[in-house]
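In what follows, every chain begins at residue 1, and chains take the letters A, B, ... in the order their sequences are listed.
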Amino acid sequence: MEDMSHAINGRTFNSLLKVENVSFTYEERTFFGAVRRVYAVDGITLEIKSQEVIALVGESGCGKTTLGKVIVGLYKPTSGRVLYKGKDIWKMHKNEWRIFRQKVQLIHQDPYQALNPSKTVFQILSTPLRYHRIVKSREEARKRVEDLLRAVGLKPEMVLNKYPHQLSGGMRQRIVIARAISLRPELIVADEPVSMIDVSLRIDILNLLLDLGNKLNTSSIFITHDMGLARYYARDGRIAVMYLGNLVEIGPTEDVIQRPLHPYTKTLLSVVPVPDPKLARERKAIQLRSLDVPSASNPPHGCKFHTRCPFAEKRCSQEKPKMIEVEKNRYVACFMVE
Amino acid sequence: MDSEVILDVRNLETIYVIGKERIIRAVDNVSFSVHRGEILGVAGESGCGKSTLAYSLLKLVPPPGIIKGGEINYYGWGNKVNILDLPENMLQRYRWKEVAMVFQAAQSALNPVMKIMGHFLDTGLAHGLTKREIYERARILLKQVRLNENVLDMYPHQLSGGMKQRVIIALALLLSPKVLILDEPTSALDLLTQKNILDLIKEINRKLNLTMIFITHDLSLLAEIATKVMIMYAGKIVEMSPVEDIFYNPRHPYTIGLIKAIPSLTGDISTVKSIPGEVPDLSNPPHGCRFAPRCPYASKICREVEPELENIGDGRYVACHKWEDI
C-alpha cells in the first residue's frame with residue numbers, strides 16, 4: 001500500500017490524508033449484560049490525494065460510516081494513525097486541530113437531522129463562518145451566505161430566512177452542502193448524501209458535489225451502498241470496497257466495475273439489479289457458500305470473507321491476506337488473486 | 001396477457017384528511033386490473049401513493065386515510081365482488097385467505113418473545129385452522145422458502161434478516177392466498193440476501209401460480225421480477241405495460257426520465273441525469289397533467305387538461321397527451 005502515488009486516469013495527485021492501519025473497535029453490552037467487542041474498522045490503510053474522488057462502497061454494517069467518521073476526526077481510532085498532510089491528527093496542537101476540522105468536512109446522510117430546526121438558513125450558514133473567522137461583519141457574512149446559496153443552486157431571497165422544516169429534502173441537502181463548502185475544505189466526506197433524496201433528483205445533488213469539488217479543488221470520499229451511484233460519482237477516481245471492517249479491493253472505478261478481482265466484489269456486482277429485463281434474467285449470480293454475514297463482534301479468522309467465499313481454500317481460514325498491488329493501480333486482498 | 005382477471009380496480013380514490021383544510025389525494029382516480037399468475041410491479045418515488053394503493057386493496061388504510069370512492073372488484077370467489085361493499089366479517093375472510101400482504105420492514109414486526117411456531121399458530125388459529133393443520137402447513141411452507149423446519153423452535157433474534165423475511169413470506173402463505181402483495185420486501189436487506197429473496201419470490205410465483213403485486217421504489221428490481229410494471233407519479237398511474245416495454249420502449253416522459261435518472265453498472269453513465277423540478281404537493285396538485293411542470297414535452301394542453309390512462313394496444317397504457325410524439 002506504500003506505493004500509491006501513480007497517476008490515476010492520467011492525473012497525478014499529492015497526498016492529502018492517509019489512514020494508516022486504522023482500527024476502531026468498541027464495546028457493546030448485549031441484552032443479557034455480556035460485553036462484546038465490535039470490530040467496526042479493522043486495520044485499514046487508505047490514502048486520499050489532493051483533488052481525488054473516491055467511492056467507498058460496502059453493504060450495511062461493513063464499517064464504511066465508521067471509517068468516514070474516523071477520517072474526519074469524529075472518532076479517535078483505537079489503533080493506527082490518521083495523517084493529514086503527514087501530520088497525526090490526534091497529536092495536533094489546538095490551532096492545527098481547528099484548521100484540520102475546518103479543512104475536512106462531513107456531509108451526513110440525513111438532511112432532516114443535520115440542520116438545527118430552530119435556526120434560519122442564514123443563521124445555520126453564518127455561524128461556522130464567524131466561528132472560523134472567515135467573515136468579520138454581519139454584512140460580509142450575508143454576502144458570503146448569499147454567494148454560497150447561489151453556488152448550490154438556491155435563490156438566496158427565497159431561502160435565507162426560512163427554517164429547515166419549510167424546505168424540501170433536496171433543498172435541505174443543498175444547504176448541508178453549502179455549509180460544508182463554506183469553510184473552503186480540502187476534503188469532503190459525504191456519507192450516503194442522496195439516500196433520503198428522491199430518485200429523480202439524486203444525480204443533480206451528486207453533480208453539484210462534483211462540480212463544486214472541481215471548482216474548489218476539493219477531494220471527496222463518497223460513502224454509499226449503491227454501486228451504480230458509486231460508479232457515477234467516482235467515474236474519474238477510484239472505488240474502494242469494504243467487507244466486515246476490511247478493505248478488500250481498491251482500483252480505478254470503471255476497471256473495478258467492469259472487471260472486479262476480489263471474490264466479494266465479483267459477487268456483489270453479480271447481484272446488483274440492472275434496469276434491463278433480458279440481461280437481468282439471463283445473468284447468473286455467483287452463489288455464495290453462506291448467505292449469512294458473520295457478526296462484527298465475532299469475525300471469522302483469516303480472510304473474513306472465507307466463510308461465504310465460493311473460492312476459499314484452507315489457507316484463507318488461517319491467514320489474513322494483505323492488500324497487494326496485483327496490477328497497475330489495482331489493490332486486492334485475496335490469496336486467490338495473488 | 002389475456003388470462004383471467006383476478007382483481008379489477010376502478011376509479012379508486014384514497015385520501016388522507018389532515019386538519020380541516022388539508023386533504024392529501026394519495027391515490028387519485030386509479031384504475032387497473034391484475035391477471036392471474038402475473039407479477040405486477042408497482043414503482044414510484046416516495047409519496048407517489050404506491051403503499052397507500054396496497055393498503056387500499058386490503059381495505060386497511062391507516063387513519064387518517066379513507067377510501068373515498070371507486071371499486072375494488074375481486075374475482076377469486078368465482079363471481080365479481082366489490083370488497084369495498086363487504087361487511088367486516090366477510091372482509092376477515094378476504095384478508096389473508098384470499099389476498100395476503102407482506103408489509104414493509106415486516107421483519108421487525110415479529111414478536112421478539114415468541115417462537116416462530118407461535119407466529120404461525122397466531123395467524124392460523126385466528127383464521128380457523130386447527131393446530132395440526134397449522135403445524136403441517138408451516139413445515140411445508142418453510143421448505144418452500146428454503147428454511148429448515150427447526151426454525152419453528154427459534155426466536156426471531158436467532159434468525160438473520162433474510163431468514164426473517166422468508167419466515168414472513170411463509171406466514172403470508174399460510175392460508176393459501178390467491179394474491180400476495182409485497183410492499184418493499186427487500187428494502188431492509190443487503191444485496192446478496194435481496195437477490196436470494198427475489199429468486200424465491202419468482203419460484204413461488206411459478207410453482208404455486210400465485211398472483212403477486214410487488215411494490216418498490218427501485219425500478220431496477222422490477223426488470224428482474226415483474227411481468228407487468230405500473231409506474232405511479234403523484235397519486236396517479238402514468239404508465240402500465242409489459243416489463244420489456246417499460247424498459248426498452250417507455251412512452252411516458254416520467255418513465256423515460258426515471259430510467260435515465262438511475263446510474264446502472266452496464267449503461268452509459270454520461271447520459272444519466274435528474275428530472276428537473278420537484279414532486280408536487282399532493283394536497284395542492286398542479287392543474288392538468290401532474291408531471292407537466294417537470295416535463296420537457298409539456299405544452300398548453302398538458303397544463304390545462306388532465307390526461308386519462310389510455311389503452312394504446314398490446315397491453316400498454318399511458319396517461320400522456322403527447323405519447324405518440326415521444
In terms of heavy-atom contacts, does [atom1] of [X] have more than 12 from other residues, nucleotides or ligands at under 6.0 Å?
X	atom1	value
B/Asp268	CG	yes
A/Met158	CE	no
A/Glu157	CD	yes
A/Gln113	CD	no

Any A/Arg308 side-chain heavy atom under 4.5 Å of B/Leu192 side chain: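 Yes, at least one pair of side-chain atoms sits under 4.5 Å.
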Reported [atom1]-to-[atom2] distance for the pair [X] and [Y], which is rounded to 0.5 angstrom:
X	Y	atom1	atom2	answer
B/Ile269	A/Glu254	CD1	CD	5.5 Å
A/Leu269	B/Leu191	CG	CG	9.5 Å
A/Ile203	B/Ile275	CD1	CD1	11.5 Å

Contact part of [X] toward chain A, heavy-atom cut-off under 4.5 Å: side chain, backbone, both or neither?
X	result
B/Leu222	backbone
B/Ile225	backbone
B/Ile262	side chain
B/Leu219	neither

Quick check on [X] against chain B: is it the side chain, the backbone, both or neither that has a heavy atom closer than 4.5 Å?
X	value
A/Gln258	side chain
A/Leu229	both
A/Ile205	neither
A/Arg281	side chain

If only side-chain N and O atoms count, and only distance matters, is there a donor-acceptor pair under 3.5 Å linking A/Arg231 with B/Ser264?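 B/Ser264 vs A/Arg231: no donor-acceptor pair found between side chains.
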Donor on one side chain, acceptor on other, A/Asp198 and B/Ser46, under 3.5 Å: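 Yes, B/Ser46 and A/Asp198 have a side-chain donor paired with an acceptor closer than 3.5 Å.
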Greatest number of heavy atom pairs closer than 4.5 Å to chain A - which of [options]:
options	value
B/His217, B/Glu224, B/Lys195	B/Glu224
B/His157, B/Lys260, B/Arg294, B/Met163	B/Arg294
B/Ile259, B/Thr193, B/Asp218, B/Thr266	B/Thr266
B/Gly162, B/Ala226, B/Pro276	B/Ala226
B/Pro263, B/Gly47, B/Gly277	B/Pro263

B/Gln194 vs A/Val271, side-chain contact (heavy atoms from CB on, under 4.5 Å): CA-CA, chis, key distance, verdict: CA-CA 8 Å; B/Gln194 168 172 287; A/Val271 296; over 6 Å; no
With respect to chain B, which residue among A/Pro273, A/Pro277, A/Ser60 yields the maximal number of heavy-atom pairs within a distance under 4.5 Å?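 Heavy-atom pairs under 4.5 Å are most numerous for A/Pro277.
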Test log, rule side-chain contact (heavy atoms from CB on, under 4.5 Å), inputs A/Arg235 and B/Ser270: CA-CA 10 Å; A/Arg235 58 189 181 274; B/Ser270 63; over 6 Å; no
Given A/Ser200 and B/Glu45, is the side-chain contact (heavy atoms from CB on, under 4.5 Å) satisfied, shown in steps? CA-CA 8 Å; A/Ser200 65; B/Glu45 299 178 81; 2.9 Å; yes
For residues 239-251 of chain B, the side-chain hydrogen bond (donor to acceptor under 3.5 Å, both in side chains) pairs (sequence neighbours left out) are A/Asp276-B/Tyr248, B/Glu239-B/Thr255, B/Asn249-B/Arg251
